[in-house]
S.K.: 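My questions all concern the structure below.
Values below: all heavy atoms of this structure, side chains included; hydrogens, waters and symmetry mates excluded.
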Amino acid sequence: VGLGTLENSVFVERGALGPEAVAELREAGAVGEICGRFFDRNGAECDTLWRDQVMSVEAEQLRKIPQVIGVVSGNDRSASIAAAIRGKLLKGLVIDETGAAALLAALSGSAVAQDKFKAVTTFTVIADMAQRVAGLIERMEVERDFFITGGIGKNIGVTRRIERLIGRMVRDTDLVQ
């Protein structure tokens, strides 16, 4: 799943959430979003009008799924990642080095964590994720164009690696996930 923030949300970017809804979510304490579900710093879904307008997997259903993996790129989502983990919305995380360093610094309260986070490289994360996606495509016997939505679709390292693994072009789309 992708992880958004109230400030960096595909729903705000594409006009699905107007200023009033954003203000309501902010007042409700929204720090993150998964599958269109906005949640507070503890990972609890925000009780707003938006909650009843979204047609997607519910937060409680996400908690029951054994393997929910968040895919995040960038350093602006530390609060939403930490809240999603606290709320048991995520069981795993694929993240780039910049985002991981920011997350570790936020969780430890220290910039020292950024210097210590050199053991896991971005390439390893990208290679592992690309291999998993390629395996899924193969098992599903996808024969037509393959699209990746959201922020991960804009990660050129991931998309190029998947292209090499599956032998065809991966397309990005601006459509909402």
Side-chain angles (χ1 to χ4, degrees), residues 1-96 99-100 102-109 120 125-126 128-137 139-140 142 146-155 158 162 172-177:
V1 295
L3 238 72
T5 67
L6 192 54
E7 294 75 26
N8 187 358
S9 168
V10 68
F11 298 100
V12 174
E13 177 186 315
R14 297 195 177 127
L17 280 175
E20 299 84 20
V22 171
E24 182 184 15
L25 285 162
R26 184 169 283 118
E27 189 173 308
V31 298
E33 171 265 318
I34 292 178
C35 300
R37 304 288 177 178
F38 285 88
F39 51 89
D40 64 19
R41 68 177 307 282
N42 295 312
E45 188 171 2
C46 295
D47 189 11
T48 67
L49 292 175
W50 175 257
R51 179 184 194 167
D52 297 327
Q53 296 174 358
V54 175
M55 289 178 43
S56 75
V57 63
E58 293 182 10
E60 205 48 49
Q61 290 172 311
L62 274 176
R63 287 184 182 91
K64 293 176 182 175
I65 297 171
Q67 191 65 280
V68 178
I69 301 172
V71 181
V72 182
S73 178
N75 63 0
D76 64 335
R77 297 164 197 235
S78 296
S80 64
I81 295 167
I85 292 169
R86 259 185 237 111
K88 298 180 178 24
L89 295 168
L90 293 179
K91 288 25 169 241
L93 182 64
V94 176
I95 191 168
D96 65 349
L103 177 61
L104 287 174
L107 294 176
S108 71
V120 177
V125 171
I126 288 173
D128 182 51
M129 182 173 56
Q131 189 67 47
R132 287 181 185 196
V133 171
L136 179 62
I137 292 168
R139 285 191 305 278
M140 292 175 56
V142 174
F146 179 74
F147 290 85
I148 296 180
T149 63
I152 201 64
K154 297 189 182 350
N155 185 319
V158 173
I162 292 170
D172 180 27
T173 179
D174 287 333
L175 298 175
V176 175
Q177 301 178 35

S.K.: Would you please name every residue forming a side chain to side chain contact (heavy atoms under 4.5 Å, CB included) with Ser78, sequence neighbours left out?
M.R.: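 For Ser78 the side chain to side chain contact (heavy atoms under 4.5 Å, CB included) partners, ignoring immediate neighbours, are Ala102, Leu103, Ala106.
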S.K.: Sequence neighbours excluded, which residues qualify as side-chain hydrogen bond (donor to acceptor under 3.5 Å, both in side chains) partners of Glu60?
M.R.: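 Applying side-chain hydrogen bond (donor to acceptor under 3.5 Å, both in side chains) to Glu60 gives Arg63.
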S.K.: Just jot down the side-chain hydrogen bond (donor to acceptor under 3.5 Å, both in side chains) partners of Glu45, sequence neighbours excluded, or say none.
M.R.: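 So Glu45 forms a side-chain hydrogen bond (donor to acceptor under 3.5 Å, both in side chains) with Arg37.
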S.K.: Tell me every residue that passes side-chain hydrogen bond (donor to acceptor under 3.5 Å, both in side chains) with Arg41, counting only those two or more places apart in sequence or in another chain.
M.R.: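 Arg41 satisfies side-chain hydrogen bond (donor to acceptor under 3.5 Å, both in side chains) with no residue once adjacent residues are dropped.
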S.K.: Taking the side chain as C-beta and beyond, is there a heavy-atom pair between Leu90 and Val1 under 4.5 Å?
M.R.: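 Heavy-atom side-chain distance check passes, below 4.5 Å.
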S.K.: Under the side chain to side chain contact (heavy atoms under 4.5 Å, CB included) rule, collect the residues that match up with Ala83, sequence neighbours excluded.
M.R.: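 Ala83 satisfies side chain to side chain contact (heavy atoms under 4.5 Å, CB included) with Val31, Phe39, Arg86 only.
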S.K.: Rounded to the nearest 0.5 Å, what separation is found between the OG atom of Ser73 and the CD1 atom of Ile95?
M.R.: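 Here the interatomic distance stands at 8.5 Å.
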S.K.: State the CZ-OG distance between Arg14 and Ser9, to the nearest 0.5 angstrom.
M.R.: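 Output value for this atom pair is 9.5 Å.
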S.K.: Enumerate, atom names and distances included, each donor-acceptor pair closer than 3.5 Å involving a side-chain atom of residues 16-26, sequence neighbours excluded.
M.R.:
residue	atom	partner	partner atom	Å
Glu24	OE2	Leu49	N	3.2

S.K.: Please report the interatomic distance SG(Cys46) to CD(Glu33), rounded to the nearest 0.5 Å.
M.R.: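 The SG atom of Cys46 sits 11.0 Å away from the CD atom of Glu33.
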S.K.: How long is the gap from CD1 on Ile34 to OG on Ser80, to the nearest 0.5 Å?
M.R.: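 Those atoms lie 8.0 Å apart.
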S.K.: Enumerate the residue pairs fulfilling salt bridge (charged side-chain N to carboxylate O under 4.0 Å, His left out) with a member in residues 70-79, sequence neighbours excluded, ordered by first and then second residue.
M.R.: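 Counting only pairs at least two positions apart or across chains, no salt bridge (charged side-chain N to carboxylate O under 4.0 Å, His left out) contact touches residues 70-79.
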S.K.: Using the test side-chain hydrogen bond (donor to acceptor under 3.5 Å, both in side chains), find all partners of Asp47 that sit at least two apart in sequence or belong to another chain.
M.R.: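 Asp47 satisfies side-chain hydrogen bond (donor to acceptor under 3.5 Å, both in side chains) with no residue once adjacent residues are dropped.
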